[in-house]
Amino acid sequence: MAVHKFSSCDGCQLALLNLGESLLALQEAVEIVHFLEAGPSDPEAPVDIAFVEGSISTAEEAERIARVREHSRYLVTIGACATSGGLQALRNLDRSERAWREAIYARPEFIDSLDQATPVREHVAVDLELWGCPINGRQILGAIASLLHGVPPIEDADKVCLECKRQGRVCTLVTRGVPCMGPVTHTGCGALCPAFGRDCYGCYGPAENPNGDALARRFEGLGLLPEAIARHFLFIHSHAEPFRTVGTAWRAQREKDDA
Amino acid sequence: MPEGRRVEISVPALARVEGEGALALRIQNDRIEHLALSIFEPPRYFEKLLEGRDPQQLIDAVARICGICPAAYQMSASQAIEDAFGAEQDGWVRAMRRAFYCGEWIQSHALHIHLLAAPDFLGYESALAMAAEYPDALRRGLQLQGLGNELMRLFGARSVHPIGVAPGGFHRAPDPQAVSALLPRLEAALAEAEALLAWTAALPLPQQAQDFVSVALRHPEEYPLYSGRIVSSEGLDIAVSEYEMHFEEYQRPHSTALFSRLQGRDYLVGPLARLNLNQDRLPSPVAEALARTGIAFPSRNMFHSIVARAVEILLALHEAVRLLRDYHPPKVTAVSLTPRAGVGYGATEAPRGLLWHRYRFDEAGRVQEARIVPPTSQNQARIERDLRESLESFGLAHDDEALRLRAEMVIRNYDPCISCATHFLRLRTERR
Amino acid sequence: MNQSGFLPRADLQRLIDRLRREHADCLGPQVRDEAIVFASLERAEQLPFGYLDRQRPGSYRLEFGDSERAFAWANGPQALKPLVFEPEQPMWHSVRDPDGSLQFHPVPAKPSSLAVIGVRACDLAALALQDAHFLEEPGDPWYAARREGLFLVAVHCTHPAETCFCASTGDGPSCGAGFDLALHELDEGFIVEVGSDAGQAVFEALQTLPVAPGQRAAAEAQQARAAEVQQRRLPAPARLAELMQAATDPHWEEVAERCLSCGNCTAVCPSCFCHRHAETPALDPSRSGHARVWDSCFSAAHSLLHGRPLRAQTAQRYRQWLTHKLAGWQVQYGRIGCVGCGRCISWCPVGIDLTAEVDAILGEVHD
Amino acid sequence: MTEAWLPREAEVVECVAETGDTHTLRLRLTDPARHDAYRFAPGQFNMLALHGIGEVPISIVSDIEDVRLFDHTVRAVGRVTRALVRLRPGDRLGVRGPFGRGWPLAEAEGRNLVVVTGGLGCAPAVSVIRHVLRRRERFGRLTILQGVKHSNDLLWRGQYEAWAREPDTQVLLAADVATPDWPWHRGLITELFEQIEDALAGSLAMMCGPEPMMVAAGRMLLERGMAGPDIYLSMERNMHCGIGQCGHCQLGPHFVCRDGPVFAWPAVASLLGIRGF
Ligand SMILES: Cc1cc2nc3c(=O)[nH]c(=O)nc-3n(C[C@H](O)[C@H](O)[C@H](O)COP(=O)(O)OP(=O)(O)OC[C@H]3O[C@@H](n4cnc5c(N)ncnc54)[C@H](O)[C@@H]3O)c2cc1C
Ligand code: SF4
Ligand code: SF4
Ligand code: SF4
């Protein structure tokens, strides 16, 4: 097994490093040949399972992911960055990379960066995607446990709402009128935000069959302005198609209103 | 032709926040002719993507700058929001933020000591390789790390990108039952942390004195964590909002991360700087445990950073126990904020050191402009100087492998960021 | 008429104490997270005295008024379902020995003993529906054990919500059967009615006062009013059975424009019983678990066939839900699967109202 | 309450590779008493449980009188089935069942039978054909119709050829697209109905395969005089419990696992062929 890092915050790899004793158990179940944070370093070694964290945002990364693919039997993306481009993919929306680079760096010419931060899937074939920003230990252990039995894990792409209800949470949208993204967001976190009395902000990305249009109209009914609605969809997973479509439509609406 | 080799060490992930790095080392006539710690951070443009976000989205977004110290980012940002909107935090929210932050210190320091730094001093490839020989030490480390994570989960549901922080406080007060379940475990861990401190002090750390400037927060009563003024070992003493008048960020061609300097000089932030400047703020049990190690602080040995981290784990446990001992959930868990246009500043002590934020908000409370100075970039120039001095005093005649290992050890000692502190891929030495 | 007596409001604590003594726990309605939910009840004051619920499609708000009453509200987000049909219940775990042999160890159903105060007529009707499903041979042992241990103190509804329509399904607002004790709440106290032998024993220990004729009349009057004020209704079962023939009605697509297919309706519905089996392998490959977990006909996984969902589209999922609930159920269990509690209307994040959708499909017009 | 939800350990005694992705597993319950007591009817199915992976419904294809072993023919299409075809003799798995209502064989005795199958070979129909051929004297004439999209999709080609040689048996095969060596009909299965030699009135039909095929075939049989209640079909839906509890297999008012999988035409006719029902 290998863990590779691209443009990211390292949070998803922590799902492994935070396993505690299970980390030692994991080490017994699989041989970890490359995992820089934990120590082992052999990025070119052939592996059965490669976990990939981070989006592809430089030319070097685009080359490196192709090599990872060649060496890996089963390639699994972990987290928002690798799976949908992540928060940094916000720059893809208006191709603002150059402008942003110039705004932040006094010497932008030193910076090597592609104009888009893209998910791994747009570069190489991916066998399994674990959604979440960040993913958690249960997801990654579940995936490894299934793969040890020679099968992919069951893909559960339900909405957060279903888990929210299993956990016996009281719906925040219904009781307080807050713009909860749960009804369009991929399950997996354990419905953490509603458990803390707040609205889900969509950090697990789009669920299967999401009706973003209907939810956006509901947000409008709750009093949100078009730009605020757009920002709910254009956040951690702005590059994921179902969110991007809804978000950019409402942003266009705002621009029309402004004009 | 004189015999030559060129040292080039590339760090796979070293950055302002994250990224790719390399160390280029050129040695000539047994002198370091060129040394550059380059960081090729794939830029994520956080400052720009924060623009237009409301305070809650700001808090949720900045966590994602770093998966290892998200609470630090959330706390500095929360402070800046409240600063801009004119809401002073006191009482329950302030106390609980400190407790939450303690969780991150425990988690991050335990991770660094055990999984990253200790293998260096004990001569292992990795912590996992160390497991056979030091199972108890490693298990103790993982347990402390786990406890820190649990403390964070109390307030944030998860320890990476916690979701519990609201503008003005928390979304939910921890459940008293959960607090009373965790408290005895925190208390029990105090002894473990003391043992850990003694263990780090007994590690075969290289002995080498250096001359450097320490910078940290300083608070009238507390060991600094959540707030204070910015002070230095050279007598600087400024308000958080005055940071930009004294500190300067600059760019160098070999690195995409920004370097920082204080009045033209490199400086140190992080556990050793904090302890050097704030030893007198340690609660007495912690101070006594430190005294028992026999190591004198302020220390000029950079490798005492690992000891400082152990001290701070003990301190954070003490603080968490103190703050949670008579826990009562309040009626209101977040002060209500009235957005207004203006600038807000925030600075807290992330596990790796001073984390400074400035935001300009519009009248609706949306971010118009953001500036974030993370500890890693502040330490970057210091790391370069340390490398130069350390390698010279280590002896440049050592072979490439030994030089590489020593260089890695020096860089990891700063815990620049977890992925930054791991392994170098290539080493090219050039000798002329 | 069942045996009954009057319990002054101040004596409610005696009932709670008695139930706490006889059962492992006693639950009662309490305000949590801005809704009325069942939680462990120790003192009568924990009950939601003075609270009213304002329910509308997609909206639930509590208001605090000066009412003396503890039960002047309709219902909360969950009925009894999670108490008997657990959201996640381990069923077995399997162990593979080094020689390759496999053992399947059943997860035993634990005996349970739980009293619940404040159960509504719709909750009782829904429990009867779930009994019909889960207790029928071969049966579900975990459900059976939890069901067996329930002691139910019902309260006749006096304040139906705007979303309630139990009068039209015949399930409320008054509790008919299925309770151990039932309460009529009056301003000065409660009329206690006995519904079972277990209830009888508790009733006798309570030593209630005789019910005054005026009290009885007041109770009857408020029940009649509670039925009258209900604004929503479902057509008669025979008419609902026609939904099965409306499979190609264009209105399903119209609902799908609005429906999030999030499954909230099925999760709050007290009669929905769908659950999936989930294998939960451990990191140690010799061990694995197997659990049953709440599912919903609004999820893609629910209808997977040869690797693809049979019901990929929202319109098909909504149709599956409504036709099963209101038509298919009649064949399977002898009645419709809806008890008129209105939860799926209030707790739908976008406020889809099944009574309105049914009317639109069947062309029903109410006055 | 019976523990119908708990798998019992079974051992793979034999694996027969039918084609690349289709294997027949011959199983025996490891508890001899349970194995001896195990009885089923053709058309019924078992839930097969793989440790750490999951459970799926699979028809029983062996003969009811073969008490030695019971057989499952599995086609690898997804997670669980792919793992099932990897099993080797000696491997263990869990078995629950038999479940469901099988073919109406008592009613079928003495009558002419038409078996219509479609798609990639159909385990429930194979079991009934074998059942009839082994008890030839109890049944009338047997007509077997099978349609496939492409001639290469036909499983057990040799078997069909062998059946065609049996007395009183007619085998009619159709492929929408066929290779040159395909000796049978090119075109839709429904075009074969004209070639059925027997009168359909009074016969009994058994069908399984893709729903649109069964709808078309059912209408054809009705047009040709077969009575609705004499047409039976085996349905498929997602199944998790197999005992009418989990709700996945609902088809209108039916639980396919409990009320089916074999249904008489009138029970399901109005629901067939509606997309997503
Ligand atoms: C009564 C009955 C008898 C069957 N008999 C046979 C047989 O003899 N031979 C054979 O090869 N196949 C048979 N099948 C089909 C077989 O059950 C599916 O191919 C199998 O469930 C697919 O599971 P999977 O994990 O391999 O595929 P995936 O596509 O990965 O399925 C994932 C999950 O979806 C569900 N699922 C998908 N397809 C079906 C399905 N058709 N039925 C129920 N659940 C499904 C299961 O829960 C499965 O775990 C039968 C199905 C039924 C209902
Ligand atoms: S709180 Fe959010 S996730 Fe939970 S049920 Fe309501 S809308 Fe769904
Ligand atoms: S509830 Fe939503 S935002 Fe919160 S952790 Fe889960 S997926 Fe992320
Ligand atoms: S269908 Fe709706 S109104 Fe009827 S019982 Fe279920 S939740 Fe209540």
Side-chain angles (χ1 to χ4, degrees), chain C residues 91-92 94-96 100-106 133-141 144 244-245 247-248 272-282 285-288 290 292 295 297 301-307 309-313 315-317 319-320 323-324 327-332, chain D residues 1-11 30 47 49-56 75 77-81 88 90-96 99 119-120 210-211 236-255 258-259 267 270-271 273-277:
Chain C
M91 303 175 72
W92 74 70
S94 49
V95 178
R96 184 164 53 206
S101 69
L102 265 189
Q103 287 143 32
F104 294 89
H105 302 281
H133 178 70
F134 284 112
L135 299 180
E136 188 183 356
E137 203 50 35
D140 179 301
M244 208 59 102
Q245 278 84 59
T248 53
C272 278
F273 54 71
C274 280
H275 53 269
R276 65 181 63 156
H277 283 210
E279 187 82 8
T280 50
S286 70
R287 319 198 134 253
S288 187
H290 195 89
R292 66 154 162 73
D295 200 352
C297 51
H302 191 276
S303 67
L304 274 183
L305 194 56
H306 308 297
L310 182 79
R311 291 183 281 276
Q313 289 153 14
Q316 297 164 340
R317 299 184 196 175
R319 180 181 66 193
Q320 172 68 18
T323 53
H324 178 235
W329 212 296
Q330 296 191 43
V331 182
Q332 293 170 337
Chain D
M1 279 184 187
T2 54
E3 290 188 344
W5 42 269
L6 185 69
R8 309 291 168 179
E9 187 196 33
E11 182 182 358
T30 51
M47 296 297 299
L50 284 178
H51 169 77
I53 298 177
E55 257 191 317
V56 287
R75 206 177 118 87
V77 297
R79 289 179 77 239
V80 182
T81 47
R88 290 295 162 262
D91 288 346
R92 308 297 172 95
L93 71 164
V95 172
R96 297 194 286 131
F99 296 128
L120 312 159
E211 262 172 65
E236 271 196 15
R237 282 294 178 272
N238 186 305
M239 282 179 194
H240 287 220
C241 71
I243 51 177
Q245 293 269 297
C246 75
H248 288 85
C249 68
Q250 281 174 57
L251 171 67
H254 310 294
F255 289 102
R258 194 185 64 193
D259 307 333
S270 67
L271 307 171
I274 304 173
R275 272 193 63 205
F277 212 90

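Note on naming: letters A, B, ... go to the chains in the order of the sequence lines (proteins, then strands), and numbering restarts at 1 for each one. The structure displayed is predicted, hence computed values, not measured ones.
Here the side chains of D:Gln250 and C:Gln320 are in contact, with some heavy-atom distance below 4.5 Å. Put simply, the side chain of D:Met47 does not reach to within 4.5 Å of the side chain of C:His277, judged on heavy atoms. When side chains are defined from C-beta on, D:Arg8 does not count as touching C:Phe104, because their heavy atoms never get closer than 4.5 Å. When side chains are defined from C-beta on, D:Glu55 does not count as touching C:Glu279, because their heavy atoms never get closer than 4.5 Å. Residues C:Gln313 and D:Arg275 have side chains in contact (heavy-atom distance under 4.5 Å, counting atoms from C-beta outward). Inter-residue side-chain proximity for D:Ile274 and C:Arg319 is flagged as met; some heavy-atom pair is nearer than 4.5 Å. At least one side-chain heavy atom of C:His302 sits less than 4.5 Å from a side-chain heavy atom of D:His248. Side-chain contact between D:Leu271 and C:Met244 is present, with heavy atoms from C-beta onward closer than 4.5 Å.
Listed options D:Ser270, D:Gly94, D:Gly78, D:Cys249 were ranked by heavy-atom pairs under 4.5 angstrom with chain C; first place goes to D:Gly94. Options C:Arg317, C:Gln316, C:Met91 differ in how many heavy-atom pairs under 4.5 Å they form with chain D, and the most are formed by C:Gln316. Comparing D:Ala4, D:Ala49, D:Ala10, D:Gly252 by how many heavy-atom pairs each has under 4.5 Å with chain C, the most go to D:Gly252. Interface summary for chain D: among C:Pro106, C:Pro281, C:Gly307, the most heavy-atom pairs under 4.5 angstrom belong to C:Pro106. Contact count against chain C (heavy-atom pairs under 4.5 Å) is highest for D:Glu236 among D:Glu11, D:Glu236, D:His254, D:Arg79.
The two residues C:Ala301 and D:Asn238 make their nearest non-hydrogen contact at O-ND2, 3.5 Å. Here the shortest heavy-atom pairing between D:Gln245 and C:Phe273 reads O-CD1, 3.6 Å. Contact record, C:Arg311 with D:Phe277: NH1-C, 3.8 Å, taken as the closest heavy-atom pair. Among all heavy-atom pairs drawn from C:Gly139 and D:Trp5, the shortest one is O-CD1, 4.2 Å. Nearest approach of D:Leu93 to C:Leu102, heavy atoms of both residues: CA-CD1, 3.7 Å. When all heavy atoms of C:Ser101 and D:Arg92 are compared, the pair lying nearest together is CB-NH1, 3.6 Å.
For the residue pair C:Ser94 / D:His51, a side-chain donor-acceptor distance below 3.5 Å is found, with atom types taken as modelled.
From C:Glu137, atom CD reaches atom CD1 of D:Ile243 across 9.5 Å, with rounding to the nearest 0.5 Å. Taking CG of C:Leu310 as the reference point, atom CZ of D:Arg237 lies at 5.0 Å (rounded to 0.5 Å).
Remark: side-chain polar atoms of C:Arg292 are not paired, donor with acceptor, to backbone N or O of D:Cys241 under 3.5 angstrom.
Interface remark: C:Arg96 contributes backbone and side-chain atoms alike to the contact with chain D (heavy atom separation under 4.5 Å). Only the backbone of C:Pro285 comes within contact range of chain D, with heavy atoms under 4.5 Å apart. For C:Ser286, the part lying under 4.5 angstrom from a heavy atom of chain D is the backbone only. C:Thr323 touches chain D through its side chain: at least one heavy atom from C-beta onward sits under 4.5 Å away, while N, CA, C and O do not.
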